[in-house]
Number of protein chains: 2
Amino acid sequence: MLRLSKLTDYAVVVLARLEAEGGVQTAPGLAASSGIAEPTVAKVLKALGHAGLVEGLRGARGGYRLARPLAGIPLSEVIVAIDGPIALTACVDGATGGCETETLCPVRGRWDPVNQAIRAALSAISLADLAGPRSASCAGHAAPRPATNATATNPTRAKPALQPAAE
Amino acid sequence: MLRLSKLTDYAVVVLARLEAEGGVQTAPGLAASSGIAEPTVAKVLKALGHAGLVEGLRGARGGYRLARPLAGIPLSEVIVAIDGPIALTACVDGATGGCETETLCPVRGRWDPVNQAIRAALSAISLADLAGPRSASCAGHAAPRPATNATATNPTRAKPALQPAAE
DNA sequence: TTCAAATCGGACCTGTGTTGTCCGCTTTCG
DNA sequence: CGAAAGCGGACAACACAGGTCCGATTTGAA
């Protein structure tokens, strides 16, 4: 479907929220303000921090902070941080495990211009373009999953998942 | 990972094969010449025929035929035929299933420029660009690549780099 | 007329990838 | 010294795509 993962979408939302709030924000706080589950937000922030897009401050009174303004972050960077390198096909960078069965692939290596075009298109758009100048107060983005399965769920902490309307 | 499905890759291969052979080709014949499993080729051809890219001739002595020359088929059309509409996120201009719970998503509707940019980039590339001028037969194990194109743009990209490097 | 070849349309099962969650550890502030 | 918060990893469950097969229909040829 040529679609990117939901985590990337969450990352954009969290990043936009981070810019709107400004300063240092905690993962639970961002989760509450964005309506995404806390562990998911933490996961996204973690990947973002690993990619250098946000800066994580440990310890009490810690949190996350934007390393660069949104206008200076191209969308492609977020996608790379969350979803990995941008490549439409598996036949990139060698691919000695896919098409080796017959080596009849006539388009072998021809996808590079396509990937480059996509990458260029994604790099031309910054997060500021996505978030917009006006950052509306976003209290909820999506309802992840009802979490009906209780097989491995150990309610030790019994944390209320996220109900933006209930809270 | 922003990757399109393998079926689309197969479709490009089959289409290129169809152009190289010319005339009417049967699905088993294309499967043999392309190295793809017969049922898979049949499935791809079926979708391609449904999209109007190829013409299926039923009955004995039947087969598939290109409805248009490859140069007149943009890559985006193949992707749409196989993978469905091009949309990076589920929050595309309809989105009556995901974010409708709150409709407060700050990036709601902002993905459209991205989708359009991707679509434009994909539409600017024709299948003829992917299949190459005439090098559709690289069945020899000794001759892996004709090297008629300028592909070696990224020599080393095996590891998921954290930094997007120079774009 | 009858048979064979090939497409058409659908349903089915399996595998990979993504998603979402949790746990323990480390670090820092009060 | 205790609490808060990030960090790192691993895990199970789910969903989708991938791949296969079946029957039905159509058409050319014997």
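Residue numbers begin at 1 in each chain, while the letters A, B, ... track the order of the sequences.
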Using a 4.0 Å heavy-atom cut-off, does [X] contact any base of the nucleic acid, only the sugar-phosphate backbone, or nothing at all?
X: Ala37(B); value: sugar-phosphate
X: Ala27(A); value: sugar-phosphate
X: Leu57(A); value: sugar-phosphate
X: Gly63(B); value: sugar-phosphate

- Is there side-chain contact between Val114(B) and Asp129(A), with at least one heavy-atom pair below 4.5 Å? no

- Message: Is there a side-chain contact between Asn115(B) and Ile86(B) in this structure, where contact means two heavy atoms from C-beta onward sitting under 4.5 Å apart?
- Response: no

Which of these nucleotides, [options], is closest to any side-chain atom of [X]?
X: Pro39(B); options: dT20(D), dG20(C), dG6(D); answer: dT20(D)
X: Lys46(B); options: dG10(C), dG9(D), dT7(C); answer: dG10(C)
X: Ala60(B); options: dG28(D), dA5(D), dG8(D); answer: dG28(D)

- Query: Gly59(B) or Gly62(A): which one's nearest nucleotide on DNA chain D is closer to the 5' end?
  - Reply: Gly62(A)

- Closest-nucleotide ordering on DNA chain D, the 5'-leading residue of Leu7(B) and Lys43(A):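 Here Lys43(A) is the residue nearer the 5' end.
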
Using whole Å, what does the distance between atom [atom2] of nucleotide [N] and atom [atom1] of [X] come to?
X: Arg61(A); N: dA3(D); atom1: CZ; atom2: P; answer: 19 Å
X: Leu30(A); N: dG6(D); atom1: CG; atom2: C1'; answer: 13 Å
X: Arg65(A); N: dA5(D); atom1: CZ; atom2: P; answer: 17 Å
X: Tyr64(A); N: dA4(D); atom1: OH; atom2: C1'; answer: 13 Å
X: Glu38(A); N: dA4(D); atom1: CD; atom2: C1'; answer: 13 Å
X: Gln25(B); N: dA5(C); atom1: CD; atom2: P; answer: 18 Å
X: Ile36(B); N: dG19(D); atom1: CD1; atom2: P; answer: 9 Å
X: Asp9(A); N: dG20(C); atom1: CG; atom2: P; answer: 11 Å

- Message: Can you give me the closest heavy-atom contact between Leu48(B) and Ala81(B), atom names plus distance?
- Response: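 In this case the closest contact between Leu48(B) and Ala81(B) is CD1-CB, 4.3 Å.
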
Taking 4.0 Å as the cut-off, does a side-chain nitrogen or oxygen of [X] come that near to OP1 or OP2 on [N]?
X: Ser5(B); N: dG18(D); answer: yes
X: Tyr10(A); N: dG20(C); answer: yes
X: Thr40(A); N: dT21(C); answer: yes

- Message: Could you check whether any side-chain N or O of Gln25(A) sits under 3.5 Å from a backbone N or O of Gly22(A), counting only pairs where one atom can act as donor and the other as acceptor?
- Response: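 Checked: pair present.
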
- Message: Please check this pair: side chain of Asp83(B) against backbone of Thr8(B), looking for a donor-acceptor N/O pair closer than 3.5 Å.
- Response: no

- Option among Leu57(B), Leu18(B), Leu66(B) that satisfies the side-chain contact (heavy atoms from CB on, under 4.5 Å) test with Val24(B):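 Testing Val24(B) for a side-chain contact (heavy atoms from CB on, under 4.5 Å) against Leu57(B), Leu18(B), Leu66(B) leaves exactly one candidate, Leu57(B).
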
- Item | Side-chain donor/acceptor contact of Arg58(B) with base of dT25(D) under 3.5 Å | yes

